[in-house]
Amino acid sequence: MNARIKLSAKTALTGAQLKIIPTLAVLILLTVFFSLCNPALNLLTISFNKYFLLIFPAISLLFSIAAIAPLRLRLEIKHLLLARGINPSQKLNLGLSGILKACEMCVCMFFIKLFWLAVFEAVPVSALAVFLLHNARKAVSLRAAFVFFSGMFILALAGFGFYLLFIQKYSKSMFYLACYKDFTVTEAISESIRKTKDKTADILFFKLGFTPWFLLCILIFPAFYVIPYYKQSVTCLFLSR
């Protein structure tokens, strides 16, 4: 089944790479740019007003959402059209409503995923805080510390695995926003939760199958094949289920 989905993704992308790559390239460049803004500012030797240093990250975050979120929705629509056998030759116009929905979706997904990450990692983080507090008052042996940190690492790793599995229930949210223009962000998220019930493991394992491909992205240039192939495959998966 998965092999057939990946084959349909390759078929959909045949001859259409140039329809995807420009949007993808801009998306990657903007992501890298905004990711480096704050670290670059901190490395500058110029003396900035302290209030500017506090406000700049918030401003940078707002601009990154406004620039990246519509591109993500646009890219999702292009993959959807290709999966349906439609060549997205015309310029896609999201309109103000589509842009605002894309931004709202990205903000909602950020906070939802952050909340659940905090929930699944609450035990190891809390235990680490208690251990450090206790160790500050009364030092423990190196062996005890090693055993503790090893256990917390395994627990944190397990929590992250369950977190990845759990958040797959939201994986179709942007997909439904691309499918139905009249959907609100809340409706798209609710539909994603409803349609992924008992399928989160299948979705996660399907995505993990691309891990060797993602390792090639270290060389940068393969990313312009790997990412469209991955996104198209996931879109085809969502359409088939």
Item to check | Worked check of side-chain contact (heavy atoms from CB on, under 4.5 Å) between I227 and I28 | outcome: CA-CA 10 Å; I227 296 177; I28 292 174; 4.1 Å; yes

Next on the checklist: Go through it in stages, so that I can follow the logic: the residues are I167 and T200, the test is side-chain contact (heavy atoms from CB on, under 4.5 Å), and I'd like the CA-CA distance, side-chain angles, deciding distance and then a yes or no.
Outcome noted: CA-CA 8 Å; I167 63 170; T200 53; over 6 Å; no

Checklist entry - Would L239 and L80 satisfy side-chain contact (heavy atoms from CB on, under 4.5 Å), going step by step from the backbone distance to the final call? => result CA-CA 8 Å; L239 277 175; L80 180 62; 4.0 Å; yes

Item to check | Criterion side-chain contact (heavy atoms from CB on, under 4.5 Å) on I203 and F238, from CA distance to verdict | outcome: CA-CA 9 Å; I203 296 172; F238 289 164; 4.3 Å; yes

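For K6 and F206, the positive end sits near the middle of the six-membered ring, less than 6.0 Å away and at most 45° from its axis.
A centroid separation of 6.0 Å or more is found between the aromatic rings of Y230 and W213. Here the two rings, on F111 and F115, have centers that are 6.0 Å apart or farther.
S190 contributes no side-chain N or O that, together with a main-chain N or O of E187, makes up a donor-acceptor pair within less than 3.5 Å.
At a threshold of 4.5 Å between non-hydrogen side-chain atoms, the residues I189 and M109 count as touching. Contact annotation: the side chain of C106 never approaches that of I68 to less than 4.5 Å [non-hydrogen atoms, C-beta and beyond]. Side-chain atoms of I20 and F224, non-hydrogen and from C-beta on, never get closer than 4.5 Å to each other. Proximity of M152 to F131: side-chain heavy atoms (C-beta onward) are nowhere separated by under 4.5 Å. Proximity of Y163 to K113: side-chain heavy atoms (C-beta onward) are separated by under 4.5 Å at one or more points.
Of all the heavy atoms in S233 and A9, the pair that sits closest is OG-CB, 3.4 Å. Scanning all heavy atoms of the two residues, the minimum distance from A223 to P228 falls at O-CD, 3.6 Å.
Residue pairs meeting the salt bridge (Lys or Arg N to Asp or Glu O under 4.0 Å) criterion with at least one member in residues 220-239, sequence neighbours excluded, are E76-K231. For residues 121-134, no residue pair satisfies the side chain to side chain donor-acceptor pair (under 3.5 Å) rule, not counting sequence neighbours.
The 12-atom threshold is not exceeded at OH of Y180, counting heavy atoms of other residues, nucleotides or ligands nearer than 6.0 Å. More than 12 heavy-atom neighbours from other residues, nucleotides or ligands sit within 6.0 angstrom of CG on L132.
Side-chain N/O atoms of K10 and Q232 include no donor and acceptor closer than 3.5 Å.
For the salt bridge (Lys or Arg N to Asp or Glu O under 4.0 Å) test, residues two or more places apart in sequence or in another chain that qualify with R194 are E191. Evaluation of the side chain to side chain contact (heavy atoms under 4.5 Å, CB included) rule for F166 yields W116, F120, K169, Y170 as partners, not counting sequence neighbours. Scanning for side chain to side chain contact (heavy atoms under 4.5 Å, CB included) contacts around K199 gives R241, with sequence neighbours left out. Under the side chain to side chain contact (heavy atoms under 4.5 Å, CB included) criterion, L62 pairs with no residue, sequence neighbours left out.
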